Number of protein chains: 2
Amino acid sequence: MLNFDRLTLDESGPIYLQILRYVKQGIAAGTIENGEELPSRRVVSALLGVNPNTVQKAYRLLEEEGLIQSHTGAKSCVVADEAARSRVRTQLLGQDARAMISAMKQMGVTREEALALLDTLWKEDDQA
Amino acid sequence: MLNFDRLTLDESGPIYLQILRYVKQGIAAGTIENGEELPSRRVVSALLGVNPNTVQKAYRLLEEEGLIQSHTGAKSCVVADEAARSRVRTQLLGQDARAMISAMKQMGVTREEALALLDTLWKEDDQA
DNA sequence: CAAACCGTATCACTCATATAATACACTTAG
DNA sequence: CTAAGTGTATTATATGAGTGATACGGTTTG
């Protein structure tokens, strides 16, 4: 069953989007098996200390993207085949990277500086 | 006088934060001179098609960070010395980069893959 | 079967964001 | 000097995000 222990909420944006992103990252990373069950809305809401409606909103969006399936009364489960997995991975990777590239270019950062900065911060993060 | 022509609003977050970031990026890039005047709240609001109060909120936050100065009746102006410029630059660069690194690591991306991806997307962006 | 759990839905409330319409005092330009 | 422009402030309204409480029907499990 999918695990939410590694999800820590912050103030970067709506909670339901953070939950949505967490599940997507799990799918993209391959740590979530196809057909794997998700913990119920109530369980997740209690674990994260948020309202069940907020979790429901994230789950509903996941279902609208075709990444999970829900049946009234039974637990929801993931339905992410290899194509969906690849699609989500590309979507998430490009999303952040393009935002960062846009910001860097606007600040006059060169490609070489950007690569060096990413390399430095990546290694710093490894040690932390 | 500071120019807002290159600021295009999107749905990524609050408008006042997008204005705040635009000015900060200008300061970090060095395209904004020390002592340079800012267009009035009313002018910017008309240009962007938003409410004057929204622009005022961004300007107020900039003043609280010590990046601009305002005097009743006269235009506000930038007061960003080299130290402030460096501080803002580091703040903005680290902000986006660390978010991307965190997301990538959670998806099982290696440092080499990350550097290659950034290099590829950067060049793609150059052509677009 | 029956209790517990689950997905789903609704209503009311708070808070932040953004808009709209003014108003007042000060500075600057004609 | 006068008028236009500016910073600042207030009040009201609308919307989305999030919470809280509750309810109903279907599924799972003991």
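Just so we're on the same page: letters track the sequence lines, and every chain starts at 1. Here the structure is a predicted model, which means the values were calculated and not measured.
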Legend entry - Below 4.0 Å: OP1/OP2 of D:dT19 and any side-chain N or O of A:T54: yes
Inset, instruction - State, to the nearest 10°, the angle formed by the axis through the first five base pairs of the helix from C:dC1-D:dG30 to C:dG30-D:dC1 and the axis through its last five. - result: 20°
Inset, instruction - Find out whether A:R87 and A:E82 are in side-chain contact, i.e. whether some heavy atom of one side chain is under 4.5 Å from a heavy atom of the other. - result: no
Legend entry - Over all atoms of both residues, closest heavy-atom pair of B:T31 and B:E36: O-OE1, 4.2 Å
Inset, instruction - Check the distance between D:dA21's C1' and A:Q56's CD and give it to me in whole angstrom. - result: 16 Å
Legend entry - Minimum heavy-atom distance between B:K75 and B:M1, given as atom pair plus value: CD-SD, 4.3 Å
Inset, instruction - Check the distance between D:dG5's P and B:M1's CE and give it to me in whole angstrom. - result: 13 Å
Inset, instruction - Rounded to the nearest angstrom, tell me the gap between atom CD in A:E11 and atom P in C:dA16. - result: 11 Å
Inset, instruction - Check the distance between C:dA25's C1' and B:H71's NE2 and give it to me in whole angstrom. - result: 16 Å
Legend entry - Euclidean distance, atom OH of residue A:Y59 to atom C1' of D:dG18 [Å, nearest integer]: 18 Å
Inset, instruction - Quick one: closest heavy-atom pair of A:Y22 and A:D5, and the distance? - result: OH-N, 4.2 Å
Legend entry - Heavy-atom donor-acceptor pair, B:N53 side-chain to C:dA18 base, under 3.5 Å: no
Legend entry - Hydrophobic cluster membership, A:V50 vs A:L47, 4.5 Å side-chain cutoff: yes
Legend entry - Whole-Å gap separating C1' (D:dG7) and CZ (B:R60): 13 Å
Inset, instruction - Would you indicate whether A:Q91, at its atom CD, is surrounded by more than 12 heavy atoms from other residues, nucleotides or ligands within a distance under 6.0 Å? - result: yes
Legend entry - 5' precedence on DNA chain C between B:R42 and B:N51 (nearest-nucleotide basis): B:N51
Inset, instruction - May I ask you to test the B:R85-B:R89 pair for a side-chain heavy-atom distance under 4.5 Å? - result: no
Legend entry - Contact list for DNA chain D against residues 34-41 of chain B - heavy-atom distance below 4.0 Å: B:S40, B:R41
Legend entry - B:L121 to A:A97 - nearest heavy-atom pair and separation: CD1-CB, 3.5 Å
Please tabulate, one pair per line, each protein N/O and nucleotide N/O from nucleotides 13-15 of chain C that are separated by under 3.5 Å, including the distance.
none

Inset, instruction - Flag the pair A:S76 / A:R41 as yes when at least one side-chain heavy-atom distance between them is below 4.5 Å, and no otherwise. - result: yes
Inset, instruction - Quick one: which residue pairs count as a ring pair (Phe, Tyr, Trp, His ring centres under 6.0 Å) with a foot in residues 39-80 of chain A, not counting sequence neighbours? - result: none
Legend entry - Single hit among B:L9, B:V43, B:T54 for side-chain contact (heavy atoms from CB on, under 4.5 Å) with B:L48: B:L9
Legend entry - Close approaches to DNA chain C from residues 72-81 of chain A, in residue order (heavy atom, under 4.0 Å): A:T72, A:G73, A:A74, A:K75, A:S76
Inset, instruction - Please list, by residue number, the residues of residues 14-25 of chain B whose heavy atoms come closer than 4.0 Å to an atom of DNA chain D; answer none if no residue qualifies. - result: none
Legend entry - Heavy-atom pair with the smallest gap, counting every atom of A:D96 and B:M100: CB-CG, 3.7 Å
Inset, instruction - Using the salt bridge (Lys or Arg N to Asp or Glu O under 4.0 Å) rule, take B:R111 and A:D126 through it: C-alpha gap first, then chi angles, then the decisive distance, then the call. - result: CA-CA 10 Å; B:R111 183 172 55 87; A:D126 279 338; 5.4 Å; no
Inset, instruction - Looking only at non-hydrogen atoms, find the nearest pair between B:V23 and B:L2 and report the distance. - result: CG1-CD1, 4.4 Å
Inset, instruction - Starting from P on C:dG7, measure out to CD on A:E64 and report it in whole angstrom. - result: 16 Å
Inset, instruction - Would you kindly say whether B:R60 and B:S70 are connected by a side-chain donor-acceptor distance under 3.5 Å? - result: no
Legend entry - Residue pair A:K105, B:D125: steps toward the salt bridge (Lys or Arg N to Asp or Glu O under 4.0 Å) verdict: CA-CA 10 Å; A:K105 286 191 175 181; B:D125 194 272; 2.8 Å; yes
